[in-house]
Amino acid sequence: MRSLLKRMMAGMFAIALLFTSVALWKPVQVGAESITNAKAYTLGTKCTGMITDNGDKKQYYKFTLPESGRIEITGSAHMRSMYLYIYDENANELWNINPWWNSTSEVISISESVYLTGGTYHLCIGKYGDYVGAFDFQINFTTIGESFREGNGGSNNTMATASQVTTSGTTYNAQMAINDEKDFFKFTLAQSGKVNLNATFYQMRSVYWKLYDQDGVELLSKNPWWNNTTENIVVNEDLDLTSGSYYIAVSKYGSDCGKYTFSLSFTSSNESFSESNGGTNNSMSTASSAVLGKDYKGQIAINDDKDFYKFTLSSSQTVSIRLDAAIEATYVKLYDANGKELKSWSKWKNDTSQKINMAETAVLEKGTYYLAIVRYSDDCGDYVLNVSSLSKSNCPHDEYDTKWYSATYFKRGYQKHTCKLCGHTYKDNYIPVKKLSQNYLYSYSYAGRGKLFLRWSTVSDASGYQIRYCPNKKFKSGVITNTIKGQAKSKKTISRLKRRKKYFVQIRAFKKSGSKTVYGKWSVKKSFRTR
């Protein structure tokens with residue numbers, strides 16, 4: 001009897017302690033025990049409740065989001081563990097967590113972010129095992145400002161419901177939510193060109209984006225990952241496309257959700273022959289007719305991997321084929337009228353210009369021919385093609401005949417290059433003109449009164465020599481010059497000199513060719529006094 005009384009007193013004490021603890025909290029707002037009768041909850045307000053031993057295992061609260069965005073669920077619970085669930089308006093479970101308390105404070109702290117489309121939802125507080133206690137929570141909402149409002153799990157989840165966007169650079173806001181895993185966007189190009197996709201995915205580790213044509217054929221699939229520092233994914237991709245309608249689909253990777261923004265900007269290729277729906281000149285039978293000497297603008301696109309051009313020669317000749325392309329790499333192929341491949345070139349961009357600058361020639365007979373610009377791997381971009389009759393102005397000058405011309409005493413030496421195809425020439429590697437060696441007077445003697453006999457060194461290649469003499473050391477006045485013809489001549493007697501007079505004398509070689517004459521350097525001055 002005493003033991004029963006003790007147990008009853010202990011139970012009453014526990015109940016009194018429980019109610020004393022609850023009294024410290026705000027008045028309890030008990031949620032409905034079934035989702036169909038969920039208690040209405042106002043966003044931004046604090047709600048309190050309790051999980052008890054004899055209550056229902058779940059309590060439901062109903063709230064409505066005016067548009068897509070992020071909800072922040074914050075709160076706490078005085079129990080060891082619990083469940084939190086979010087259901088959509090059709091009672092489909094979208095999200096759940098199972099938080100546990102801090103063993104020191106014995107309190108569960110809740111701080112969760114969840115991305116949802118606009119619509120009605122239910123938050124459920126669920127019991128875990130036998131753990132009971134009081135809880136509180138608050139849901140705050142932040143809109144992401146979707147450019148195309150979505151509700152009830154998304155409204156542009158298929159090509160048929162795709163949101164129409166422009167390629168004028170407008171920035172669009174969108175979101176990956178836990179109940180919206182895919183967004184489709186449709187854009188239309190009136191002409192072929194380059195579409196730049198610029199997108200930022202905020203705080204998502206990874207994402208998928210794909211490009212489809214108007215028939216639903218997948219053209220491109222990418223799976224970028226975030227930058228570990230910024231925790232954002234940045235996409236900057238150029239899409240070369242023919243005219244037509246296209247779809248971009250963005251879809252979740254795993255459970256990653258978040259806001260993203262994107263824009264599309266368009267630059268026309270100004271194609272000489274308009275193409276649509278994957279290309280219109282992709283074969284010889286649909287080749288575009290080209291006139292010799294004219295530039296044609298074209299594009300190799302994601303959905304157009306080949307362009308054919310047809311040209312006709314009225315006579316046999318050498319043709320020049322030029323291609324300037326903003327492409328990493330490409331093939332250029334030449335065919336005859338029967339489809340036989342005559343030549344094939346693989347071209348890569350120049351590291352300096354970052355473009356392909358092709359200049360090739362082909363010797364062809366009279367007739368019809370086809371040129372094909374063919375995509376290499378995934379490389380796309382714009383190009384300009386020109387086929388012309390060979391001339392010095394359009395010749396690639398790939399092969400030259402080279403000849404050396406030696407230097408003379410009148411002209412520099414040089415190397416002359418002559419193009420084997422068109423005869424274009426240029427010179428380089430110049431060598432200075434030759435110079436006559438400086439000779440010298442190595443002896444002189446008196447040959448009598450007023451006479452002097454001179455001997456000098458000879459100079460190879462000389463046409464002759466000049467001797468000058470005068471009483472003036474600086475050769476400013478009274479200079480007399482004698483010319484001696486002949487390379488081998490090496491002596492001369494000078495007469496009619498004044499007696500007992502000091503003279504200065506020099507000699508130099510000269511070279512004559514036609515009307516031109518060049519001279520060597522004067523020798524060192526020699527002086528003597530006549531008898």
Side-chain angles (χ1 to χ4, degrees), residues 192 240 242-243 269-301 303-350 355-377 379-401 417-425:
S192 299
D240 289 277
T242 64
S243 63
S269 292
N270 296 314
E271 282 190 309
S272 300
F273 301 99
S274 298
E275 297 191 83
S276 61
N277 304 320
T280 54
N281 58 358
N282 297 355
S283 65
M284 290 184 182
S285 61
T286 59
S288 300
S289 294
V291 177
L292 292 182
K294 185 177 179 180
D295 286 346
Y296 292 95
K297 294 182 178 180
Q299 177 192 46
I300 294 300
N303 57 333
D304 180 24
D305 64 354
K306 193 178 296 183
D307 288 342
F308 273 89
Y309 295 87
K310 176 182 178 181
F311 65 94
T312 301
L313 301 180
S314 58
S315 61
S316 299
Q317 59 183 283
T318 300
V319 296
S320 167
I321 302 169
R322 287 184 171 272
L323 180 75
D324 295 314
I327 307 176
E328 185 80 20
T330 192
Y331 294 111
V332 180
K333 296 179 181 290
L334 177 65
Y335 301 88
D336 66 14
N338 298 317
K340 179 183 177 181
E341 184 178 301
L342 304 178
K343 286 196 173 186
S344 178
W345 299 277
S346 301
K347 295 297 177 180
W348 292 81
K349 72 177 182 182
N350 180 285
K355 290 184 177 181
I356 293 172
N357 303 113
M358 168 185 161
E360 297 289 349
T361 59
V363 181
L364 302 174
E365 297 179 351
K366 175 183 176 180
T368 298
Y369 297 90
Y370 296 86
L371 264 177
I373 314 301
V374 184
R375 189 172 68 202
Y376 177 88
S377 186
D379 298 332
C380 300
D382 299 341
Y383 64 83
V384 178
L385 175 67
N386 182 292
V387 182
S388 303
S389 297
L390 184 69
S391 66
K392 288 185 179 181
S393 62
N394 63 28
C395 180
H397 309 310
D398 285 338
E399 295 184 58
Y400 284 89
D401 284 325
H417 309 274
T418 304
C419 179
K420 292 181 179 180
L421 295 174
C422 68
H424 167 74
T425 63

Using a cut-off of 6.0 Å, state whether more than 12 heavy atoms not belonging to K294 lie near its atom NZ. no

Going through the distances and angles, do V332 and V374 end up as a side chain to side chain contact (heavy atoms under 4.5 Å, CB included)? CA-CA 6 Å; V332 180; V374 184; over 6 Å; no

Suppose the criterion is side chain to side chain donor-acceptor pair (under 3.5 Å): which pairs have a residue in residues 331-341, not counting sequence neighbours? K333-S344

Show the numbers, then the answer: is there a side chain to side chain contact (heavy atoms under 4.5 Å, CB included) between T280 and D304? CA-CA 9 Å; T280 54; D304 180 24; over 6 Å; no

Spacing of CG belonging to L385 relative to CD1 belonging to I373, to within rounding of 0.5 Å: 5.0 Å

Would you mind telling me which of D240, N270, T242, N303 makes a side chain to side chain contact (heavy atoms under 4.5 Å, CB included) with S192? T242

Could you tell me if the side chain of E399 sits less than 4.5 Å from the side chain of L421, heavy atoms only? no

Just by distance, do the side chain of S288 and the backbone of Y309 share a donor-acceptor pair under 3.5 Å? no

Side chain to side chain donor-acceptor pair (under 3.5 Å): pairs with one or both residues in residues 361-372, sequence neighbours excluded: T312-T368

Taking the side chain as every heavy atom from C-beta outward, state whether N282 and E275 have any atom pair closer than 4.5 Å. yes

Please report the interatomic distance CG(L342) to CG(L334), rounded to the nearest 0.5 Å. 5.0 Å

Identify the two heavy atoms, one from Y383 and one from A325, that lie closest to each other, and give their separation to 0.1 Å. CB-CB, 3.6 Å

Which heavy atom of S389 sits nearest a heavy atom of L292, and at what distance? OG-CD1, 3.9 Å

Minimum heavy-atom separation for F308 and A372, please, with both atom names. CE2-CB, 3.6 Å

How long is the gap from CD1 on I327 to CG on D382, to the nearest 0.5 Å? 7.5 Å

Looking only at atom types and distance, does a side-chain atom of R375 sit under 3.5 Å from a main-chain N or O of K306, one as donor and one as acceptor? no

Is a side-chain donor-acceptor pair under 3.5 Å present for D379 with S377? no

Got a sec, which residues hit ring pair (Phe, Tyr, Trp, His ring centres under 6.0 Å) with W345, two or more places apart in sequence or on another chain? none

Mind listing the closest non-hydrogen atom pair of S276 and S243 along with its distance? CB-OG, 2.9 Å

Ignoring hydrogens, what is the shortest heavy-atom contact between C422 and K392? Give both atom names and the distance. O-CE, 3.4 Å

Heavy atoms, side chains only, cut-off 4.5 Å: are D307 and I300 in contact? yes

Is the shortest heavy-atom distance from the side chain of K347 to the side chain of Y376 under 4.5 Å? no

Are side-chain heavy atoms of Y296 and V387 found at a separation under 4.5 Å? no

Between M358 and I321, is there a side-chain heavy-atom distance shorter than 4.5 Å? yes

Contact between F311 and L364 at the side-chain level, heavy atoms closer than 4.5 Å - yes or no? yes

Taking the side chain as every heavy atom from C-beta outward, state whether R322 and N394 have any pair of such atoms under 4.5 Å apart. yes

